[in-house]
Asks: 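For reference, the structure I am asking about is given below.
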There are 2 protein chains.
Amino acid sequence: MGKCEQCIVRQLNSLKSLTKEELVRISACKTSRFVKKGEVIFDEGEHLNGVYCISEGICKVSKMSSNGRDQIIHLVKKGDILGERSLINDEVANLKATAINDMEICFIPRDEIINDLEKNPDFTMSILKDLASSLKSADNVIVDMAQKTVKQRLAEMLINLENRFGHDEDNVLNIHLSREDIANIIGTATESAIRLLSEFKKEGVIKVKGKNISLISIPKLKKIAQGF
Amino acid sequence: MGKCEQCIVRQLNSLKSLTKEELVRISACKTSRFVKKGEVIFDEGEHLNGVYCISEGICKVSKMSSNGRDQIIHLVKKGDILGERSLINDEVANLKATAINDMEICFIPRDEIINDLEKNPDFTMSILKDLASSLKSADNVIVDMAQKTVKQRLAEMLINLENRFGHDEDNVLNIHLSREDIANIIGTATESAIRLLSEFKKEGVIKVKGKNISLISIPKLKKIAQGF
DNA sequence: TTTAAAATATGATAATTATCAGTTTTTCAG
DNA sequence: CTGAAAAACTGATAATTATCATATTTTAAA
């Protein structure tokens, strides 16, 4: 189990604002853990009692709608912090986190980190900026969900995946989602997502082989996302 | 122009966490202003340079979609703070604020309040909790927008209006929105919103007279919102 | 490897929602 | 008060999206 002070992942998130001493203290009480693909890290209604720092892998964060379908609200990857919101308002989790590939995650108990939150203004400001930025992007998602067609949303989502996860040497996106997950991100039926992916493929804007998706023309996708 | 120390509205928001001294300082530099119905307080892309504290009235906060329709993301009323996000990340406004009735608002310059944000941990934590709570409700809106039908969303919105704004002695909601605004909250065409309102009226779950809406059966509306 | 289960795919159809066109009602400036 | 503009409304129709049924392919456990 590595030490937080030396952890590279930490540099990617708000924990970078902690002092050396704080990190040593956190390192002593944190626990590291492997999570298998498909495993649920926490579910709606659970008490979190701490935050997770993602060392490796990707998980989806979702919420069940009253109509029985899961809506994926965001994708969390290496370097991201998970559960900070429940930490702040001290409520049970509003969302569910599920690994979409094998992961390694560190858990930091609430009591340790809440102390830093109250004492270290740099750290607090950093969390504050994180939340402000999440809120901005949530607002943008609301607008897209409310105003764009499923086709527009799919195009937009593909561009977002490219920006956030990048692609390998063969231009294949570095994230492999099931068709159902794709549908649950853009808020549509699985069949509709499949049909639109086929349509994009036919039109030559993407290449699809199983869960491997490559974007062939990002400009064209951007046009589709804007309604052309 | 009243003094912040004595302002009742302040008790409703994060400003209640400020000390007497901080309030006196802010009071000295704040400016108060009346805003007419329909007037734009700030628009997307503008530099805010401060936050607004709403003394009276209601405004809509919206964002233009690339398809040319305005999506209303929230309604801000007496006691709410407006523009805190732009304050924190120091970016231009992502949203537009428009008065939906006559308002009175106080403006607090950025420099004054940013100082308190960095120095007063109670105040910072209060803002942090505000943002966490906004983020939670934004996530819930995303789920609804993505998974619910327009009919479900309208029913839900009516319940939200009742909870947030209440009704007068004649059971009429204390907020008077145009049909277009209603459509822009739930993310649909104005005609669709009108049709569904008529349907609800016919079914006897609401009473409508112009912009005066009364909820007759909240339980029925809740059932509709959940898909029955 | 075999086989059952899960995921993906496709077609047909129904339901929802948007758009366009036009009418009626309301609002409000003069 | 009056007339023009804006808002609200209604109908017809088109476009989008969901649902159901079923076939094919892929995955993973025995």
Side-chain angles (χ1 to χ4, degrees), chain A residues 36-39 60 65-72 98 100-102 144-157 176-202 206-213 224-225 227-228, chain B residues 36-39 60 65-72 98 100-102 144-157 176-202 206-213 224-225 227-228:
Chain A
K36 283 248 169 67
K37 175 181 173 175
E39 201 178 315
K60 58 182 175 184
S65 172
S66 60
N67 71 2
R69 255 213 308 256
D70 224 29
Q71 175 64 32
I72 297 177
T98 314
I100 69 164
N101 53 27
D102 291 347
D144 288 347
M145 286 294 179
Q147 302 281 1
K148 293 194 168 178
T149 64
V150 175
K151 189 173 179 177
Q152 287 178 289
R153 300 204 300 264
L154 178 61
E156 185 139 299
M157 188 209 69
H176 305 276
L177 296 164
S178 68
R179 301 294 188 267
E180 193 182 358
D181 280 345
I182 291 175
N184 290 346
I185 292 172
I186 60 180
T188 192
T190 308
E191 297 96 318
S192 299
I194 291 172
R195 261 182 260 273
L196 285 169
L197 280 173
S198 306
E199 197 183 315
F200 284 1
K201 188 178 166 183
K202 232 175 258 168
I206 62 172
K207 209 162 84 182
V208 182
K209 189 163 190 196
K211 291 193 174 60
N212 291 346
I213 298 178
I224 293 172
F228 300 105
Chain B
K36 282 251 170 63
K37 175 181 173 175
E39 201 178 313
K60 58 182 176 185
S65 170
S66 60
N67 71 3
R69 255 213 308 254
D70 224 28
Q71 176 63 32
I72 297 177
T98 313
I100 70 164
N101 52 27
D102 291 348
D144 288 346
M145 285 294 179
Q147 302 282 2
K148 294 195 167 175
T149 64
V150 175
K151 190 174 179 175
Q152 288 178 287
R153 300 203 300 264
L154 177 60
E156 184 139 301
M157 187 209 71
H176 305 273
L177 296 164
S178 69
R179 301 294 188 267
E180 191 181 0
D181 280 344
I182 291 175
N184 290 345
I185 291 172
I186 61 181
T188 191
T190 307
E191 297 94 321
S192 300
I194 290 172
R195 260 183 261 272
L196 286 169
L197 280 174
S198 305
E199 199 182 315
F200 284 1
K201 188 179 165 183
K202 232 176 259 168
I206 62 172
K207 209 161 86 180
V208 182
K209 186 158 191 202
K211 291 194 173 61
N212 290 347
I213 299 179
I224 293 171
F228 299 107

Asks: Return the value, rounded to whole Å, for the distance between atom CD1 of I194(A) and atom C1' of dT24(D).
Replies: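 Taking atom C1' of dT24(D) as the reference, CD1 of I194(A) is at 12 Å.
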Asks: Backbone N or O of N184(B) within a donor-acceptor pair of the R69(B) side chain at under 3.5 Å?
Replies: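 No; zero donor-acceptor contacts below 3.5 Å.
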Asks: Has the side chain of D102(A) got a donor or acceptor atom that lies under 3.5 Å from a matching backbone atom of K37(A)?
Replies: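 Yes, the answer is positive, given that a donor and an acceptor are paired below the 3.5 Å cut-off.
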Asks: When the distance from CZ of R179(A) to P of dT25(D) is rounded to whole Å, what number comes out?
Replies: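 Distance check: R179(A) CZ to dT25(D) P gives 15 Å.
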Asks: dA8(D) P sits how many Å from N184(B) CG, rounded?
Replies: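 Rounded to whole Å, this separation is 12 Å.
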Asks: Using five pairs at either end of the helix from dT1(C)-dA30(D) to dG30(C)-dC1(D), determine the angle between the two local helix axes and round it to 10 degrees.
Replies: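 So the angle between the two local helix axes works out to 50°.
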Asks: Tell me the closest heavy-atom pair linking Q71(A) and I185(A), and the distance in Å.
Replies: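 Closest heavy-atom pair between Q71(A) and I185(A): NE2-O, 3.0 Å.
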Asks: Heavy atoms only: give me the nearest A225(A)-S66(B) pair and the separation to one decimal.
Replies: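 It is O-OG, 4.3 Å.
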Asks: Rounded to the Å, how far apart are H176(B) NE2 and dA8(D) C1'?
Replies: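 Going from H176(B) (NE2) to dA8(D) (C1'), I get 17 Å.
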Asks: Touch check for T188(A), heavy atoms < 4.0 angstrom, all strands: base, sugar-phosphate only, or nothing?
Replies: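 Sugar-phosphate contact only.
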Asks: Pick base, sugar-phosphate or nothing for S198(B), based on heavy-atom distances below 4.0 Å to the nucleic acid.
Replies: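 S198(B): backbone/sugar contact only, no base atoms under 4.0 Å.
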Asks: Which part of the nucleic acid, if any, lies within contact of R153(A), taking any heavy atom under 4.0 Å across all strands shown: a base, the sugar-phosphate backbone alone, or nothing?
Replies: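 No contact.
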Asks: With a 3.5 Å distance limit and no angle check, can you tell me whether S198(A) reaches the backbone of I194(A) through a side-chain donor-acceptor pair?
Replies: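 Yes; judged by distance alone, with no hydrogens or angles, the pair exists.
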Asks: Considering non-hydrogen atoms only, spot the tightest contact between S65(B) and Q147(A) and give its length.
Replies: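 What the structure gives for the nearest pair is OG-CB, 3.5 Å.
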Asks: So which of I182(B), I206(B), T149(B) actually passes side chain to side chain contact (heavy atoms under 4.5 Å, CB included) with L154(B)?
Replies: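 Among I182(B), I206(B), T149(B), the one that satisfies the side chain to side chain contact (heavy atoms under 4.5 Å, CB included) with L154(B) is I182(B).
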Asks: Could you pull out the closest heavy-atom pair between K211(B) and R179(B), with the gap in Å?
Replies: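 Closest heavy-atom pair between K211(B) and R179(B): CA-NH1, 4.2 Å.
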Asks: Give the rounded distance in Å between these two atoms: CZ of R195(B) and P of dG11(D).
Replies: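 Value for this atom pair: 9 Å.
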Asks: Look at all strands and tell whether K148(A) reaches a base, only sugar-phosphate, or nothing, counting heavy atoms closer than 4.0 Å.
Replies: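 Since no nucleic acid heavy atom lies under 4.0 Å of K148(A), the category is nothing.
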Asks: Side chains of N101(A) and H176(A): do they bring a donor and an acceptor to under 3.5 Å?
Replies: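 Result is no, nothing qualifies.
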Asks: What is the 5' to 3' range of DNA chain C, first to last nucleotide, that sits under 4.0 Å from any heavy atom of chain B?
Replies: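 Contacts span dT17(C) to dC20(C), reading 5' to 3'.
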Asks: Go nucleotide by nucleotide along DNA chain C from the 5' end; which of R69(B) and L197(A) gets its closest nucleotide reached first?
Replies: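 Nearest nucleotide further toward 5': that of L197(A).
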Asks: How do A146(A) and L177(A) order along DNA chain C: which one's closest nucleotide is nearer the 5' end?
Replies: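 Whichever sits nearer the 5' end wins; that is L177(A).
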Asks: Select base, sugar-phosphate, or nothing to describe what K211(A) touches, counting heavy atoms under 4.0 Å on all strands.
Replies: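 Touches sugar-phosphate only.
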